[in-house]
Amino acid sequence: MTASIRALIFDLDGVLTNTPMLHYDSWKRLAADENIPFTWDQHERMQGKVRHDSLAVFLNGRPVSDEQAKALMARKNEYFLELLENVTPADSFPGVLELLTEAKKKGFRIGLGSSSMNARNVISKLGLAPFFEVLGDGHSVSRHKPAPDIFLWTAQQLGVEPRQAVVFEDSEAGMQAAINGGFWRVGLGGKHGKGAHLEYETMAEIQLDDLLAKLATFGNFA
């Protein structure tokens, strides 16, 4: 079954680079502005979520108008973009460049399936744009993780079926999206919940041939 794998689809935040810390620092700055408590647990619950859903976690039940919500999200994004200016190709996680290089050399289609509305900017700052044929981001679909839409959209743009693609995820929402879409699944970092076919602590542990060989041991798709 794994002989038919033709594509690799990557989440961005926490998979290719440590942008979650930039988001955390941006939310903390907004929290200080607004005198709103913000904890690491809230930050963890934001992983894999789009901006509006992350704001709901941030507000923790505090009512705001639509205009106030838009203003808060815009200010948080401004803070994030300020921090993003300092990101360079050196900020890719160890092993990312090697895996992408090997995958491209072997002829795999490569796509991004991220909830981030800044994904294209981040990929550009990391110098990884030449590896990606398709960049799926927070603007690409209307339903977001754990709905499978972003991965299904990316796979369609790559010209592959879900069972021909491996999704790399680090969040529970993202892993559930990959499950819902019927993809092969690689979990990273240990916070992705259940459902991964293979699990790694970091990208540096992954060797493409070894990964494909391990997936082959599953036989029929599960």
When rounded to the nearest 0.5 angstrom, what is the spacing between [atom1] in [X] and [atom2] in [Y]?
X	Y	atom1	atom2	value
Phe151	Leu158	CZ	CG	12.0 Å
Glu205	Leu211	CD	CG	11.5 Å
Leu55	Gln68	CG	CD	10.5 Å
Arg163	Ile5	CZ	CD1	12.0 Å

Discussion item. Evaluate Arg51 against Asn118 for side-chain contact (heavy atoms from CB on, under 4.5 Å), listing each step before the verdict.
Written reply: CA-CA 10 Å; Arg51 194 174 296 170; Asn118 292 307; 3.6 Å; yes
Practice prompt. Compute whether any side-chain donor of one residue and acceptor of the other, for Ser124 and Asn121, lie under 3.5 angstrom apart.
Written response: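 Checked: Ser124/Asn121 side chains show no N/O donor-acceptor pair below 3.5 Å.
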Practice prompt. Answer with yes or no whether the side chains of Lys76 and His23 bring together a donor and an acceptor at under 3.5 Å.
Written response: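 Yes - a donor-acceptor pair under 3.5 Å links their side chains.
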Item to complete: In sequence, state the C-alpha distance, the side-chain angles, and the governing distance for Leu72 and Leu59, and then conclude on side-chain contact (heavy atoms from CB on, under 4.5 Å).
Response: CA-CA 10 Å; Leu72 288 169; Leu59 291 171; 4.1 Å; yes
Hey, is [X] close enough to [Y] for a salt bridge, meaning N to O under 4.0 Å?
X	Y	value
Asp209	Lys106	yes
Glu82	Arg29	yes
Asp41	Arg45	yes

Write down the atom of [X], the atom of [Y], and the distance for their closest heavy-atom approach.
X	Y	result
Ala177	Ala147	CB-O, 3.3 Å
Tyr200	Val186	CD1-CG1, 3.7 Å
Leu152	Pro162	CD2-CG, 3.7 Å

Taking [Y] as the starting point, is it possible to reach [X] by hopping between hydrophobic residues whose side chains are less than 4.5 Å apart?
X	Y	value
Leu8	Phe93	yes
Ile179	Val15	no
Met117	Phe132	no
Val122	Met46	no

Do [X] and [Y] touch side chain to side chain, with heavy atoms closer than 4.5 Å?
X	Y	result
Asp33	Arg75	yes
Leu16	Leu112	yes
Thr101	Phe131	yes

Practice prompt. Give me the ring orientation class for His43 and Phe38: parallel if the planes are under 30° apart, tilted from 30 to 60°, perpendicular past 60°.
Written response: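 Judged by the thresholds at 30° and 60°, the geometry between His43 and Phe38 is perpendicular.
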Item to complete: Classify the angle between the aromatic ring planes of Phe168 and Phe10 as parallel (below 30°), tilted (30 to 60°) or perpendicular (above 60°).
Response: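 Taking Phe10 first and then Phe168, their aromatic rings lie parallel (interplane angle under 30°).
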Is [X] reaching over with its side chain to a backbone N or O of [Y], donor-acceptor style, under 3.5 angstrom?
X	Y	value
Arg185	Met175	no
Gln42	Thr39	yes
Arg120	Leu135	yes
Asn180	Pro146	yes
Asn77	Met73	no
Lys145	Ile150	no
Arg143	Val141	no
Thr19	Leu22	no

Should the heavy atoms of other residues, nucleotides or ligands under 6.0 Å from [atom1] of [X] be counted, would the total exceed 12?
X	atom1	result
Glu161	CD	no
Gln207	CD	no
His52	NE2	no

Discussion item. So if I apply the side chain to side chain donor-acceptor pair (under 3.5 Å) rule between Lys191 and each of Glu169, Gln47, Glu44, which one comes out positive?
Written reply: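 Per the side chain to side chain donor-acceptor pair (under 3.5 Å) rule, the option paired with Lys191 is Glu44, out of Glu169, Gln47, Glu44.
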